[in-house]
J.: 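First, the structure itself, so that you have it in front of you.
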Amino acid sequence: MDLFQYEILQRAIIAGVLIGLISPLIGLFVVLRRLSLLGDTIAHVSIAGVALGLLIDIYPLGLGFLFAIFAAFAIEMFRKYYQSYAELSIAIIMSGGIAVASILFTLGKGYNINVQTYLFGSIFTVSMQEIWIILAFSVIIVLFVFLFYKELFLITFDEDAAAVGGLPVRAINFVNTILTAFVVSAAIKVVGALLVSALITIPAAAGIALRKGFKTTLFWTVIISEFAIVTGLLISWEWNLAPNGTIVLLLIGILLSIMIGFKKART
Amino acid sequence: MEQPCHQDIVNLEDVCFSYGNHQVIQHLNFTIKERDFVGVIGSNGAGKSTLLKMIVGLIQPKTGRVELFGKNSAQFKEREKIGYVPQKNALNPLFPATVKEVVLSGLYSRKKILRRIHKQDLEVAQDAMESFSIEHLADRKIGQLSGGQQQRVFLARAMINKPKLLILDEPTVGIDEDTQRKFFQLIQHMHQHHDMTFIMVSHDIEAMHSYLGSKPQLVHDQILFFVKHSHEIHCDEITLAHGITS
Ligand SMILES: Nc1ncnc2c1ncn2[C@@H]1O[C@H](COP(=O)(O)OP(=O)(O)OP(=O)(O)O)[C@@H](O)[C@H]1O
Ligand SMILES: [Mg+2]
Ligand SMILES: [Zn+2]
Ligand SMILES: [Zn+2]
């Protein structure tokens, strides 16, 4: 491996490790709030932003990020309106995002190759500047989860009890949704918009399947995610496979082994 | 004899509540003083749970005022003074939380934001679990417990802060008879010696009558309020440890 190639792999692994940390950190709370499709929805809207960026020639991931934040706001707004039918707000925003993206894509014919990069990710082209942005996002997210761990736990477990205790439930849920937009924007580069949701939900699903307490689950969720991303990157590098597909298949493999392991243990 | 130290804990002034145009509570006036034990009895659908939710601030009255500790409920910030056990907890059996984590979460009120969990918090959680004989379940997952065991966990969580005001919505449903009796003894003790005020909804009319007498202080539509006042002073340091042991 020459020096140039080594640098590419190194950058990919740094970006991967950061995203492997923040996706499950936010993802576990998102999944337990029964908003598993939140990441997917934000990603679809974000792709509309990317399409606009490609069309008018402005940094696509930047516009994608703005659209992601907008989607997060819109989802929270609809969520407040429909209260317990949270998934309804998700369905509305998701279809809106796809509608806008498809129109913009057809307007900008000829960008198809570029579009693919964002739909499927391209971690081996991640730039140093993008790594700095992902690092900044990661610092914000890790700080948030560290500082508000107790409150996040209680709000996720029992929103009424949190409200009776005087916790700012709406504000914390809101920040959580906004930070999901951060994760999505960071992860689009790695796995692409189509598979962002996998990084947010599958480690959480695998962690929950371990049937442990909350802290332990959060810990294992991060470990599973990091393991799949780093191993996936190395395998795909070595055998020239699509990194995003490799990572997601590894995640699903881990999830299935945990589930089968528990089934065996019971019988 | 009414002493000046007995402040108003809950004050309902001409409170009305409706779900859509379904009137549930109409023009209710009621004051609960420090060290009152208020038993609330009424038929299904009478509005008891609705009333408790309004007192803890989960829902707002359409008209009228709810005051807690003399302050308008929306402005009342010392939320750790209130313990609340709702009628039933919609618990997802897969939720990854241990009994210990759930009991400890009773401490996570507004006051604790940005504070770390200390060793003494863990000791308090241990006390609370011992009070309800669930310390051996500490590391079990909450979703894997029986209904009655889960209810004990939620009672322990509500008691952990030693709240000034404890609000219980049918707390003993699903709990075995022995534990029920001991639970009544515990809350009676807390009422008489530990400066606590209680609001409790129950369909156990016999138990309510035997502690609160058979004459309601107020009958409002289909809801009956029984009140007993305690003058006794603290017998010891406030701990939960002399709780239910089986
Ligand atoms: N979320 C809701 N939306 C609409 N109506 C409701 C809601 N919750 C309760 N109600 C109605 O309000 C009335 C009072 O309900 P509430 O739960 O306060 O009764 P309750 O006295 O606690 O009864 P129970 O003894 O069965 O617990 C009932 O007629 C009920 O149908
Ligand atoms: Mg009720
Ligand atoms: Zn008195
Ligand atoms: Zn005592």
Side-chain angles (χ1 to χ4, degrees), chain A residues 24 27-36 83-84 143-172 175 203-222 224 255 258-259 262 266, chain B residues 52-53 55-59 68 73-102 104-117 121 138-144 153-154 157-158 160-161 163 165 167 169:
Chain A
L28 183 61
F29 296 104
V30 167
V31 168
L32 291 174
R33 278 169 70 209
R34 295 166 194 264
L35 289 172
S36 287
Q83 308 236 341
S84 47
L143 263 181
F144 174 71
V145 174
F146 179 75
L147 290 177
F148 295 102
Y149 171 79
K150 304 194 306 303
E151 290 72 25
L152 282 165
F153 169 78
L154 185 53
I155 289 172
T156 316
F157 177 66
D158 185 346
E159 208 171 286
D160 277 358
V164 172
L167 298 185
V169 174
R170 289 242 340 258
I172 289 185
V175 174
I208 291 168
L210 287 172
R211 304 179 198 188
K212 299 285 186 220
F214 199 82
K215 205 167 244 173
T216 321
T217 303
L218 192 58
F219 173 79
W220 280 107
T221 304
V222 171
I224 290 167
L255 173 63
I258 291 173
M259 289 165 83
F262 268 98
R266 226 184 309 160
Chain B
L52 298 198
K53 281 184 201 158
I55 292 173
V56 297
L58 286 174
I59 53 180
L68 294 169
S73 144
Q75 266 95 59
F76 179 68
K77 302 293 186 209
E78 298 158 275
R79 308 296 307 196
E80 72 283 353
K81 285 187 176 169
I82 301 176
Y84 171 56
V85 180
Q87 187 162 4
K88 57 173 188 296
N89 271 281
L91 185 68
N92 183 338
L94 278 179
F95 196 97
T98 61
V99 167
K100 195 200 281 172
E101 285 174 320
V102 172
L104 204 55
S105 78
L107 292 170
Y108 306 166
S109 66
R110 194 174 184 282
K111 200 175 136 195
K112 282 268 184 184
I113 290 180
L114 295 178
R115 305 255 169 94
R116 301 268 95 198
I117 293 294
D121 294 327
D139 294 317
R140 289 273 297 279
K141 265 188 68 182
I142 176 101
Q144 295 169 343
V153 175
F154 288 113
R157 179 177 76 169
I160 190 176
N161 259 333
L165 171 63
I167 298 174
D169 199 346

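Numbered from 1 within each chain, the chains take letters A, B, ... in sequence-line order. As a basis for the values below, the full set of heavy atoms in this structure was taken, side chains included, without hydrogen atoms, waters or symmetry mates.
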J.: Please report the interatomic distance CD(B/E101) to NZ(A/K150), rounded to the nearest 0.5 Å.
T.: 13.5 Å
J.: For the interface with chain B, which of A/I208, A/L147, A/L32 has the highest count of heavy-atom pairs at distances below 4.5 Å?
T.: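 Top count of heavy-atom pairs under 4.5 Å with chain B: A/L32.
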J.: Can you tell me which portion of B/E80 sits under 4.5 Å from chain A's heavy atoms? Options are side chain, backbone, both or neither.
T.: neither
J.: Quick check: closest heavy atoms across A/A163 and B/L58, and the distance to 0.1 Å?
T.: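 Closest approach of A/A163 to B/L58, heavy atoms only: CB-CD2, 3.8 Å.
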J.: Tell me, for B/E78 versus chain A, whether the close heavy atoms (under 4.5 Å) come from the side chain, the backbone, both or neither.
T.: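 Contact with chain A: none, neither part.
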J.: Ring pair (Phe, Tyr, Trp, His ring centres under 6.0 Å) with A/F157: which residues, sequence neighbours excluded?
T.: A/F153, B/F95
J.: Flag the one option from A/V164, A/T217, A/L154 with the top tally of heavy-atom pairs under 4.5 Å to chain B.
T.: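 Result: the option with the highest number of such pairs is A/V164.
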J.: What pairs meet the salt bridge (Lys or Arg N to Asp or Glu O under 4.0 Å) rule with one or both residues in residues 208-219 of chain A, with sequence neighbours excluded?
T.: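 Applying salt bridge (Lys or Arg N to Asp or Glu O under 4.0 Å) to every pair that reaches into residues 208-219 of chain A, excluding sequence neighbours, yields nothing.
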J.: Which one, B/L94, B/I113, B/I82, B/T98, leads in non-hydrogen pairs under 4.5 Å with chain A?
T.: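 Result: the option with the highest number of such pairs is B/I113.
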J.: With respect to chain A, which residue among B/K81, B/K111, B/R115 yields the maximal number of heavy-atom pairs within a distance under 4.5 Å?
T.: B/R115
J.: If you measure from CZ on B/R79 to CZ on B/R110, what distance do you get to the nearest 0.5 Å?
T.: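 Result: 9.5 Å between the selected atoms.
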J.: Can you tell which part of B/Y84 gets under 4.5 Å to a heavy atom of chain A, answering side chain, backbone, both or neither?
T.: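 Side chain of B/Y84 only, per the 4.5 Å heavy-atom cut-off to chain A.
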J.: Just checking, B/R116 and B/Y108: is the charged tip under 6.0 Å from the six-membered ring centre and within 45° of the axis?
T.: no
J.: Go through A/T156, A/T216, A/L210 and name the one with the most non-hydrogen pairs under 4.5 angstrom from chain B.
T.: A/T156
J.: Between atom CG of A/L167 and atom CD1 of A/I155, what is the distance when rounded to the nearest 0.5 Å?
T.: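 It is 5.5 Å, given to the nearest 0.5 Å.
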J.: Heavy-atom pairs under 4.5 Å with chain A: which of B/K112, B/K53, B/K77, B/K100 has the most?
T.: B/K112
J.: Taking the ring of A/F214 and the ring of A/F29, is the distance between their centroids below 6.0 Å?
T.: yes
J.: With a 4.5 angstrom heavy-atom cut-off, is it the side chain or the backbone of B/L107 that approaches chain A, or both, or neither?
T.: neither
J.: Most heavy-atom pairs under 4.5 angstrom with chain A, which of B/V102, B/L104, B/I117, B/D139?
T.: B/V102
